[in-house]
Amino acid sequence: MKPVLWLLLFVSTVAAVYVSTFAHYTGTMRVLAGVGTGVVFVGSALGLWLTSGKSDR
């Protein structure tokens, strides 16, 4: 499970950089792409945090 979450975190970061730098999206498409990459990023980061396995929580 963790490797998939790490992969999603990496891919969403690369996608966010692509959308904000290289993609020629305008208006609504740019917002939707940014929100989509943000949701995947936050979701995978939260998943990694929840599966961290720290015993002191």
Side-chain angles (χ1 to χ4, degrees):
M1 180 75 169
K2 281 188 179 183
V4 173
L5 291 172
W6 279 110
L7 180 65
L8 282 173
L9 190 70
F10 174 75
V11 169
S12 66
T13 302
V14 171
V17 169
Y18 174 77
V19 166
S20 66
T21 308
F22 301 113
H24 296 289
Y25 298 149
T26 58
T28 306
M29 188 63 188
R30 186 173 188 140
V31 170
L32 290 175
V35 169
T37 57
V39 166
V40 173
F41 180 86
V42 170
S44 60
L46 181 63
L48 284 168
W49 180 69
L50 290 173
T51 60
S52 65
K54 292 182 180 178
S55 60
D56 59 348
R57 279 195 276 158

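- Of the options Val14, Thr13, Leu8, a side chain to side chain contact (heavy atoms under 4.5 Å, CB included) to Phe10 is made by Val14 and by none of the others.
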Donor-acceptor list for residues 22-38 side chains, cut-off 3.5 Å, not counting sequence neighbours:
{"residue": "Arg30", "atom": "NH2", "partner": "Ser20", "partner atom": "O", "Å": "3.1"}
{"residue": "Thr37", "atom": "OG1", "partner": "Ala33", "partner atom": "O", "Å": "3.1"}
{"residue": "Thr37", "atom": "OG1", "partner": "Gly34", "partner atom": "O", "Å": "3.0"}

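- Residues Met1, Leu5, Trp6, Phe41, Val42, Leu48 make up the rest of the hydrophobic cluster containing Leu9, defined by ILVMFWY side-chain heavy atoms closer than 4.5 Å, directly or through other members.
- Here Ser52 contributes atom OG and Lys2 contributes atom NZ; the two are 6.5 Å apart, rounded to the nearest 0.5 Å.
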